[in-house]
Amino acid sequence: MENPRTTIIFLSLLVFFINSAVSSTAVMTYNVADLGAKPDGQTDSTKAFLSAWDKACDSVDPSVIYVPTGRFLLRNAVFAGPCKNMAITFRIAGTLVAPSDYRVIGNAGNWLFFRHVNGVTISGGILDGQGTGLWDCKASGKGCPSGATTLGFSNSNNIVVSRMTSLNSQMFHIVINGCNNVKLQGVRVSASCNSPNTDGIHVEKSSGVIILDSKIATGDDCVSIGPGTSNLWIENVACGPGHGISIGSLGKDQEEEGVQNVTVKTVTFTGTQNGLRIKSWGRPSTGFAKNILFQHAFMVNVRNPIVIDQNYCPGEKGCPGQDSGVQISDVTYQDIHGTSATEVAVKFDCSSKFPCSKITLDAVKLSYKNEAAEASCSHAAGTAEGTVQPTSCL
């Protein structure tokens with residue numbers, strides 16, 4: 001017969017271990033309102049947010065920084081690691097508001113900046129950059145600050161941004177720089193089509209970035225892909241207005257990392273300046289772009305649906321008369337349909353010194369004013385498969 005005392009000891013130990021396991025996974029919640037943040041859109045709540053961050057960062061337990069409904073005014077804030085905690089979630093029910101005076105954060109580089117963090121999630125909420133004043137300043141030609149990125153991540157890993165909206169950023173909305181394993185899903189970006197340098201999502205020097213189920217309307221690239229980007233996946237993204245999805249510009253620096261293993265699929269472009277674009281500076285560089293797949297894209301009145309531009313030279317400074325050193329190869333355009341706003345729907349303007357190679361057009365059908373559009377190729381080689389309209393010039 002089993003000893004009752006042994007059974008009681010066993011059950012006591014079992015309860016102890018269960019309680020220990022539960023306590024070890026307890027979630028700590030820090031409500032910014034409890035730490036002094038005011039939801040009136042006028043009181044500076046920066047200290048309260050940084051206080052919540054410090055507590056979460058110093059905790060060994062998974063933590064939630066909760067932002068209730070209301071409008072919370074924040075100056076530029078740096079959320080720095082490394083932390084003891086590798087599971088910090090910002091759960092935002094309200095709106096974070098930048099100062100209406102663009103000069104307050106205009107030279108800060110970033111409004112909300114995360115660096116050297118691991119396991120941070122931002123869920124929900126609205127980030128209002130209040131950038132219209134700075135856009136007006138730049139349009140007037142006056143001396144203006146360069147502007148701040150709304151949300152930046154640098155040298156960080158295992159990041160998630162979900163169901164968040166970015167409004168009227170001074171400059172870039174979201175920047176992923178030097179990061180690994182980043183997922184952005186259900187993101188909304190909104191800014192005027194005339195807003196300068198307001199890229200929706202910019203990725204560079206990063207690997208394992210996934211962008212899903214997002215809608216981007218802005219004044220510059222919906223997604224821009226910079227040097228050092230690899231293993232990037234973009235799917236189910238609606239772009240417009242904006243300048244399209246762009247790899248580049250590449251080759252600004254002579255010594256530069258390349259871009260490789262990029263997939264862009266199931267995307268829609270509406271009234272954008274470009275659709276699927278690769279661009280590089282027209283000057284020497286060690287950069288490259290290879291193993292790129294553009295698949296299942298639908299164009300609605302897009303000025304340049306498919307374009308490679310290797311003669312980018314803004315202001316005609318520092319590059320006229322030179323050839324791009326960026327080598328572009330293994331680029332596939334598959335199942336690309338829709339309408340072009342210009343007669344030339346496919347344009348490959350590649351480097352004469354390093355021509356584009358292994359370009360594939362597969363099931364491409366683009367029209368202009370209900371008629372076949374045109375294609376233009378310079379220093380580009382590749383193949384056409386299936387039905388391709390306009391007729392391939394490769």
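Keep in mind it's a predicted model, so treat the numbers as computed, not measured.
The cluster map of Ile, Leu, Val, Met, Phe, Trp and Tyr, joined by side-chain heavy atoms under 4.5 Å apart, puts M171 and V161 in different clusters. If you chain together hydrophobic residues whose side chains sit under 4.5 Å apart, Y102 and I105 never meet in one group. Hydrophobic clustering (side-chain heavy atoms under 4.5 Å, transitive across Ile, Leu, Val, Met, Phe, Trp, Tyr) keeps F288 apart from L232. V307 and V364 fall into different hydrophobic clusters, where Ile, Leu, Val, Met, Phe, Trp and Tyr are joined by side-chain heavy atoms under 4.5 Å apart, directly or via other members. Under the 4.5 Å side-chain heavy-atom criterion for ILVMFWY residues, no single connected hydrophobic cluster contains both F49 and F113.
Using a 4.5 Å heavy-atom cutoff, the side chains of L35 and K55 are in contact. Between K265 and L293, every side-chain heavy-atom pair lies at or beyond the 4.5 Å cut-off. Between Q322 and P284, some side-chain heavy-atom pair lies under the 4.5 Å cut-off. Between N85 and C57, every side-chain heavy-atom pair lies at or beyond the 4.5 Å cut-off. Looking only at side-chain heavy atoms (C-beta outward), Y368 and V344 stay at 4.5 Å or farther from each other. A 4.5 Å side-chain heavy-atom check between N110 and V78 finds every atom pair outside the cut-off. Contact annotation: the side chain of C83 approaches that of I88 to within less than 4.5 Å [non-hydrogen atoms, C-beta and beyond]. The shortest distance between side-chain heavy atoms of C319 and W281 falls below 4.5 Å.
When all heavy atoms of S59 and Y30 are compared, the pair lying nearest together is CB-OH, 4.0 Å. Between Q170 and A148, the shortest heavy-atom distance links the atoms OE1-N, 3.0 Å. Among all heavy-atom pairs drawn from N31 and P68, the shortest one is OD1-CD, 3.6 Å. Between A289 and L250 the shortest heavy-atom distance is CB-CD1, 4.0 Å. What you find for N168 and S192 is that their closest heavy atoms are OD1-N, 4.5 Å. The two atoms that bring G240 and C222 nearest to each other are N-SG, 3.9 Å, heavy atoms only.
In this structure, the side chain of S214 engages the main chain of L212 through a donor-acceptor pair within 3.5 Å. Proximity of a side-chain donor or acceptor of T229 to a complementary backbone N or O of V203 within less than 3.5 Å is detected. N304 contributes a side-chain N or O that, together with a main-chain N or O of Q273, makes up a donor-acceptor pair within less than 3.5 Å. Side chain of T391 to main chain of Q389: no donor-acceptor pair is present (N/O by atom type, distance under 3.5 Å, no hydrogens or angles). For S45 (side chain) and K38 (main-chain N/O), a donor-acceptor pair under 3.5 Å exists by modelled atom type. Remark: the backbone N or O of D221 is not paired with any side-chain donor or acceptor of S224 at under 3.5 angstrom. Under the 3.5 Å distance criterion, the side-chain polar atoms of T342 are matched with a main-chain donor or acceptor of R303. At least one donor-acceptor pair under 3.5 Å links the side chain of Q130 to the backbone N or O of A98. S63 places a side-chain N or O within 3.5 Å of a backbone atom of D61 that can act as its donor or acceptor partner. Side chain of T218 to backbone of D199: no donor-acceptor contact under 3.5 angstrom is found.
Tested against V182, the residues I174, V160, I211, I176 include a single side-chain contact (heavy atoms from CB on, under 4.5 Å) partner, I176. Shown are N180, N158, N181, N157; of these, the side-chain hydrogen bond (donor to acceptor under 3.5 Å, both in side chains) with N118 is made only by N158. Across I234, I225, I216, a single residue satisfies side-chain contact (heavy atoms from CB on, under 4.5 Å) together with I201, and that is I216. In summary, of the residues considered (D349, V346, I328), a side-chain contact (heavy atoms from CB on, under 4.5 Å) with I308 occurs for I328 alone.
Using a 3.5 Å distance cut-off with no hydrogens or angles, the side chains of T95 and D128 do not pair a donor with an acceptor. Side chains of S324 and S351: no donor on one and acceptor on the other come within 3.5 Å. Using a 3.5 Å distance cut-off with no hydrogens or angles, the side chains of S230 and Q260 do not pair a donor with an acceptor.
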Could you check L151 against H173 for side chain to side chain contact (heavy atoms under 4.5 Å, CB included), going step by step and ending with a plain yes or no? CA-CA 6 Å; L151 178 63; H173 288 261; over 6 Å; no
S246 vs R277, side-chain hydrogen bond (donor to acceptor under 3.5 Å, both in side chains): CA-CA, chis, key distance, verdict: CA-CA 5 Å; S246 295; R277 174 170 65 165; 2.9 Å; yes
Verify side-chain hydrogen bond (donor to acceptor under 3.5 Å, both in side chains) between T360 and D362, making sure each step is shown before the conclusion. CA-CA 6 Å; T360 300; D362 181 4; over 6 Å; no
Assess the residue pair Q185 and D213 against the criterion (side-chain hydrogen bond (donor to acceptor under 3.5 Å, both in side chains)); give the C-alpha distance rounded to whole Å, side-chain angles, the decisive distance to 0.1 Å, and a yes or no. CA-CA 6 Å; Q185 186 166 19; D213 310 328; 2.9 Å; yes
Please assess L127 against L96 for the test side chain to side chain contact (heavy atoms under 4.5 Å, CB included), listing each intermediate value before the final yes or no. CA-CA 5 Å; L127 309 183; L96 310 189; 3.6 Å; yes
Should F90 and W53 be marked as a side chain to side chain contact (heavy atoms under 4.5 Å, CB included) after you check the CA-CA gap, both sets of side-chain angles, and the distance that decides it? CA-CA 9 Å; F90 273 81; W53 172 259; 3.8 Å; yes
Step by step, would you call F114 with I122 a side chain to side chain contact (heavy atoms under 4.5 Å, CB included)? CA-CA 11 Å; F114 292 81; I122 297 178; 3.8 Å; yes
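Note that the CZ atom of F294 and the OG1 atom of T332 stand 10.0 Å from one another [nearest 0.5 Å]. Expressed to the nearest 0.5 Å, how far SG of C393 lies from CG of L361 amounts to 8.0 Å. Separation of atoms CG (D220) and OG (S195) is listed at 8.0 Å; rounding is to 0.5 Å. With rounding to the nearest 0.5 Å, the separation of NZ in K215 from SG in C239 is 11.5 Å. Distance check: M28 CE to D58 CG gives 11.5 Å after rounding to the nearest 0.5 Å. Rounding to the nearest 0.5 Å gives a distance of 5.0 Å between CG of L74 and OG1 of T46.
Within a 6.0 Å radius of CZ in R75, no more than 12 heavy atoms belonging to other residues, nucleotides or ligands are found. Residue K347 qualifies as open at atom NZ: its count of foreign heavy atoms under 6.0 Å is 12 or below.
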